[in-house]
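Only one structure is covered here, and it is reproduced in the block below.
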There are 2 protein chains.
Amino acid sequence: METSLSLERTEPEAPAKSGMQGDEAAAGGTLTATLYDRLRAEILEGRMTPGAKLRLEELRGRYGVSLSPLREALSRLVAEGIVVAESQRGFTVAPVSRAMFADVIRLRTTLESMALRDSIERGGDEWEVGVVAALHRLKKVESLRSAEEGSQPWEHLHREFHLALVGACDSPLLLQFCATLRDLNDRYRRLFLANYVLDRNVATEHQSIADAALARDAERAVTLLGEHIQRTARNVFMVLEKQAAGAVSHSA
Amino acid sequence: METSLSLERTEPEAPAKSGMQGDEAAAGGTLTATLYDRLRAEILEGRMTPGAKLRLEELRGRYGVSLSPLREALSRLVAEGIVVAESQRGFTVAPVSRAMFADVIRLRTTLESMALRDSIERGGDEWEVGVVAALHRLKKVESLRSAEEGSQPWEHLHREFHLALVGACDSPLLLQFCATLRDLNDRYRRLFLANYVLDRNVATEHQSIADAALARDAERAVTLLGEHIQRTARNVFMVLEKQAAGAVSHSA
DNA sequence: TTCACTAATATTATCGATTTTTTATTGACA
DNA sequence: TGTCAATAAAAAATCGATAATATTAGTGAA
């Protein structure tokens, strides 16, 4: 119930972040940055139980580092709302809730629509190329079937596609907000739709959105994007409601 | 040029934050939280030169603490985009730019309008009371004249007023985004309009916005709020443009 | 049995010192 | 005089240890 969103961007130190979730921690940087990337990915990819205690000693052992960089990485995640800090009581993985998810979906739909509209309006050739390319790569992976929705490569390309769509939006801030919301959205999807069997043709949806966008039909593109987001959300809600309150996830 | 916004909220450890900027670090908590509050306030209140290097040794001396809590506090600010970290090169105060400010203003206007609309729609008695009370307190301070715009108490009450306006919006996330944007906005105002002589009746503007909101005239309220934000922004832009590129600020 | 209190244990928060990397300085060489 | 390289100084990142705080276990009284 309490998440903060941070919005960073392309900051020098933490090379990964939103853009490249799959890609493991970029070496070379500081230990803090590496840990930040790894922890962030673990939580956002649904590999950590919401609300779970983050024992420092355990993490220290697991990653083979000292407390300092560990606490620094956690501090960043706290500011992002992905981790919660309680005075004198350490850190815990941010909890999940129906209300929070509903909020995320609502805002994401609104903001990403704004960004998409803007992008369609000012997008040039490079933008069009980017969208087409991203869609192509995504479709390729989907056709392979070796990777169903939720697989690492699919996740990455799916993110890239949505990124490409709004790529021509000229508000860095808005794009950051969108990225944050998408991250939060995806966390829920991965947590609650882990082994989910597709009941619809997601690929077709992406195709339609891209088509509308490239045809500069903002109205239609925004509508389709909204439906796209809502559909997945609906499925998450169903699972979410089946599980009384707690967050029944996987590993710890 | 690159800011991240964080959005936190009412997190247990850092009691202050957006809500109570003036109020110094709440004791009792951890050292990290205290430092976070102090540094955040210093930067946001315009007391630190944008882009300035944050020498750890110096800060350590100034606050009489060790590196650990200091670095943790800075890490949080990094995630918020208020401080920039460069790998192996330490921390610097986030820079300012015309483009960034323009982005902040644009998004703030949009998002705060959304929040205000929502608030007007669902606000109940308590909300109305809150708005009236906040406006009253603000007017009182303004009439005192002992404190012109920019004074500590004025800053606080001004923030409270804007907060009260959108108080009935039921999207915590949206409110956090708004708070973040308001913080960034205010940073520019304080940096560039430090000793600014009012050329307009800000008090009247607040009154009008409140009136429209309480009359449930969302359209009018949103319009007035937008103009209110734009007017101050215009003044900031003027100063901003007079100063070639650099940020000519005060201390530090 | 349950509550309150104290002792023991575990965990976190902070510190001081060490290692690593960057930045500044100096001097050789063209 | 200017450039480059080697070195010295400064700064940042990381570590291991200590102090502070919370949690658990245990004991005795109601």
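Source: prediction; values computed, not measured. In what follows, chains carry the letters A, B, and so on, assigned in the order in which the sequence lines appear, proteins first and then strands, with residues in each chain numbered from 1.
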Please identify each residue that fulfils salt bridge (Lys or Arg N to Asp or Glu O under 4.0 Å) with [X], with sequence neighbours left out.
X      : value
B/E112 : B/R108, B/R182
B/D103 : none
A/R60  : A/E57
A/R137 : none

Rounded off to whole Å, could you give me the [atom1]-to-[atom2] distance for the [X] and [N] pair?
X     : N      : atom1 : atom2 : answer
A/L54 : C/dT11 : CG    : P     : 13 Å
B/L70 : D/dA13 : CG    : C1'   : 13 Å
B/R55 : D/dA9  : CZ    : P     : 19 Å
B/E57 : D/dA9  : CD    : P     : 17 Å
B/L59 : D/dA11 : CG    : P     : 12 Å
B/L56 : D/dT14 : CG    : C1'   : 13 Å
A/E58 : C/dA10 : CD    : P     : 15 Å
B/E72 : C/dT14 : CD    : P     : 7 Å

Quick one: is [X] getting a side-chain N or O under 4.0 Å of the [N] phosphate, OP1 or OP2?
X     : N      : result
B/R71 : D/dA12 : no
A/K53 : D/dT23 : no
A/T30 : D/dA12 : no
B/T32 : C/dT14 : yes

B/R106: side chain to side chain contact (heavy atoms under 4.5 Å, CB included) partners, not counting sequence neighbours: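 Testing B/R106 for side chain to side chain contact (heavy atoms under 4.5 Å, CB included), a comparison that skips the adjacent residues, returns A/D118, A/D170, A/S171.
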Pairing residues for A/V239 by the side chain to side chain contact (heavy atoms under 4.5 Å, CB included) criterion, not counting sequence neighbours: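 Residues passing side chain to side chain contact (heavy atoms under 4.5 Å, CB included) with A/V239: A/F192, A/L193, A/Q243.
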Sugar-phosphate, base or nothing in reach of B/L74, heavy atoms under 4.0 Å: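 No contact at all - B/L74 keeps every heavy atom at 4.0 Å or more from the nucleic acid.
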Got a list of protein N/O to nucleotides 15-19 of chain D N/O distances below 3.5 Å?
| from | atom 1 | to | atom 2 | distance (Å) |
| --- | --- | --- | --- | --- |
| D/dC15 | OP2 | A/S66 | N | 2.9 |
| D/dC15 | N4 | A/S68 | OG | 2.9 |

B/F101: partners by ring-ring contact (aromatic ring centres under 6.0 Å, His included), with sequence neighbours left out: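 With neighbours one apart ignored, the set is B/Y188, B/F237.
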Under 4.0 Å protein heavy-atom contacts per nucleotide of nucleotides 18-23 of chain C, with B for base, S for backbone only and - for none: ---SSS
B/L191 side chain reached by B/M48 side chain, heavy atoms, under 4.5 Å: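 Not in contact.
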Whether A/H158 and A/H162 hold their rings parallel, tilted or perpendicular, with breakpoints at 30° and 60°: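 Perpendicular.
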